[in-house]
Structures are given as structure tokens and as C-alpha cells.
Q: 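Could you have a look at this structure, given as C-alpha cells, before my questions?
All ligand and atom numbering here is 1-based and tracks the order in the structure. Atom set for the values below is all heavy atoms of this structure, side chains included, hydrogens, waters and symmetry mates excluded.
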Amino acid sequence: MGAAKQIRVKVNDVDHDAVIDPRTSLADFLRGELGLTGTHVGCEHGVCGVCNVLVDGRSVRSCLMLAVQADGRDVRTVEGLADGEKLHPIQEAFMEEYGLQCGFCTPGFMMSICELLERNPDPSDEEIMEVIGGSICRCTGYDSILRSVRTAAAKLGGARA
Ligand code: FES
Ligand code: FES
């Protein structure tokens, strides 16, 4: 381990102080240090998107970002979507539209979709495809994920259903 580094990161509205190996990825920090295992790890080189989280509102591949780069920043993971027992509209939409099968890719999709819908509440199908095409799903064929995003947008107040 290189010289340990102290960081403070806000994750899902809770501040966390930690002393970590500076080579620790954000994904490993979230999973290993904070126990937030909803963020998955697949390819570990920025291709599959299962590790997507939001940092200061922008979707990032947490396998490619070092935890020290998140020092002082605001991170949101899939665990932060639900409000207690109440699912987030994106989660409800994935359930209703069968936007998942094995579910391994789902947290990463949900976080990039969260960024999209916060930036653009009424995206076109092309805009949705551009975002969901950035992650790999081996199960669904993407149609149900596209429907899930449309439904989530409608639930959140966007116009298209
Ligand atoms: S695990 Fe990060 S992009 Fe695949
Ligand atoms: S639901 Fe299985 S990989 Fe996407």
C-alpha cells in the first residue's frame, strides 16, 4: 500500500471519513469500505457500465475513478434511490416494464438513467438509446429498458409515456 490518504466523501447524503490506499478505486471503496454492494463490478476497465454511480450529479464508471478523486465530492449510488421503503420511480418502472432479468447490470443502468432524467425530463428515444447504449446488458435486449426509461420519465413528470 502506498502512503495512506485521508478522504471525506459524501455518499447518499452521509459524510464518510476514511483512510485508504490511494490506489483504491471508487467502486472498491464503495463496496469494500462502505458495504454498498449495489454498485457492481464487471469488466473493471470502463466498458460494461455495471459500476456507474453519480459524482456531483454526473454518471461515472466507478471502476475507473480512484476513491481519492472523490474526496470532497457528492456520490450517489443505487442504494440512495429509494426513499426508505418507497422505491424510486426509476426502480418502479424497471419492475413494471421488466427492465431486468438477472439484474447484474441494473444498478449501473439506473444511475445513468437517473442522470439523464435529471438533466432532461422528457428525452427522445434516440437520447435514451444513447445513454443505455453506454452499458452492457446480456439479458434483456434493451427494449424493456427503453420502455422502463419512458415509464420512469412519465412517472417523474415528463410528457412521453
Ligand atoms: S466494471 Fe466498470 S465499466 Fe465495467
Ligand atoms: S439483466 Fe442480466 S445483464 Fe442485464
Q: Once rounded to the nearest 0.5 Å, what's the spacing between atom CZ of Arg61 and atom CG of Asn52?
A: 5.0 Å
Q: Starting from atom 3 (S) of ligand 2, locate the nearest protein heavy atom and write down its residue, its atom name and how far away it is, to 0.1 Å.
A: Arg138 N, 3.3 Å
Q: Looking at Cys137, which atoms of ligand 2 are within less than 4.0 Å of one of its heavy atoms?
A: 1 (S), 3 (S), 4 (Fe)
Q: Tell me, do Gln69 and Leu26 make a side-chain contact under 4.5 Å, heavy atoms counted?
A: no
Q: Do you see an N/O/S atom of Cys48, backbone or side chain, under 2.8 Å from atom 4 (Fe) of ligand 1?
A: yes
Q: Is the closest basic N to carboxylate O distance between Glu127 and Arg119 below 4.0 Å?
A: no
Q: Heavy-atom contacts with Cys43 under 4.0 Å: which atoms of ligand 1 show up? List them by number with element.
A: 1 (S), 3 (S), 4 (Fe)
Q: Quick check: does Cys139 put an N/O/S atom under 2.8 Å from atom 2 (Fe) of ligand 2?
A: yes
Q: Would a 4.5 Å heavy-atom cut-off, applied to side chains only, mark Asp71 and Arg8 as touching?
A: yes
Q: I need the atoms of ligand 2 closer than 4.0 Å to a non-hydrogen atom of Gly103, numbered in the order shown.
A: 1 (S), 2 (Fe)
Q: Should Ile113 and Phe94 be marked as a side chain to side chain contact (heavy atoms under 4.5 Å, CB included) after you check the CA-CA gap, both sets of side-chain angles, and the distance that decides it?
A: CA-CA 11 Å; Ile113 291 163; Phe94 266 73; 3.7 Å; yes
Q: Working to the nearest 0.5 Å, report the span between OG1 of Thr77 and CG of Leu36.
A: 5.0 Å
Q: Using 2.8 Å as a strict upper limit, say whether an N, O or S atom of Cys51 approaches atom 4 (Fe) of ligand 1 that closely.
A: no
Q: Indicate yes or no: at least one non-hydrogen side-chain atom of Met110 is less than 4.5 angstrom from one of Cys114.
A: no
Q: Taking side chain as C-beta onward, heavy atoms only, is Ile128 less than 4.5 Å from Asp125?
A: yes
Q: Which of the numbered atoms in ligand 1 are below 4.0 angstrom from a heavy atom of Val47?
A: 3 (S)
Q: With a cut-off of 2.8 Å, does Cys102 put an N/O/S atom close enough to atom 2 (Fe) of ligand 2?
A: yes
Q: Would you mind running through ligand 2 and noting each atom that sits below 4.0 Å from a heavy atom of Cys105?
A: 1 (S), 3 (S), 4 (Fe)
Q: Which atoms of ligand 1 have any heavy atom of Glu44 under 4.0 Å away?
A: 1 (S), 4 (Fe)
Q: Side chain, backbone, both or neither: which part of Leu64 has a heavy atom under 4.0 Å from ligand 1?
A: neither
Q: When you measure from atom 1 (S) of ligand 2 to every protein heavy atom, which one gives the shortest distance, and what is it?
A: Gln101 N, 3.2 Å
Q: Is there a side chain to side chain contact (heavy atoms under 4.5 Å, CB included) between Leu34 and Arg31 once you walk through the steps?
A: CA-CA 6 Å; Leu34 303 187; Arg31 292 174 55 83; over 6 Å; no
Q: Which atom pair, heavy atoms only, marks the closest approach of Leu64 to His45?
A: CD2-C, 3.8 Å
Q: Show which atoms of ligand 1 fall inside a sub-4.0 Å distance from at least one heavy-atom site of Gly46.
A: 3 (S)
Q: Counting from 1, what ligand 1 atoms have a heavy atom of Gly42 closer than 4.0 Å?
A: 1 (S)
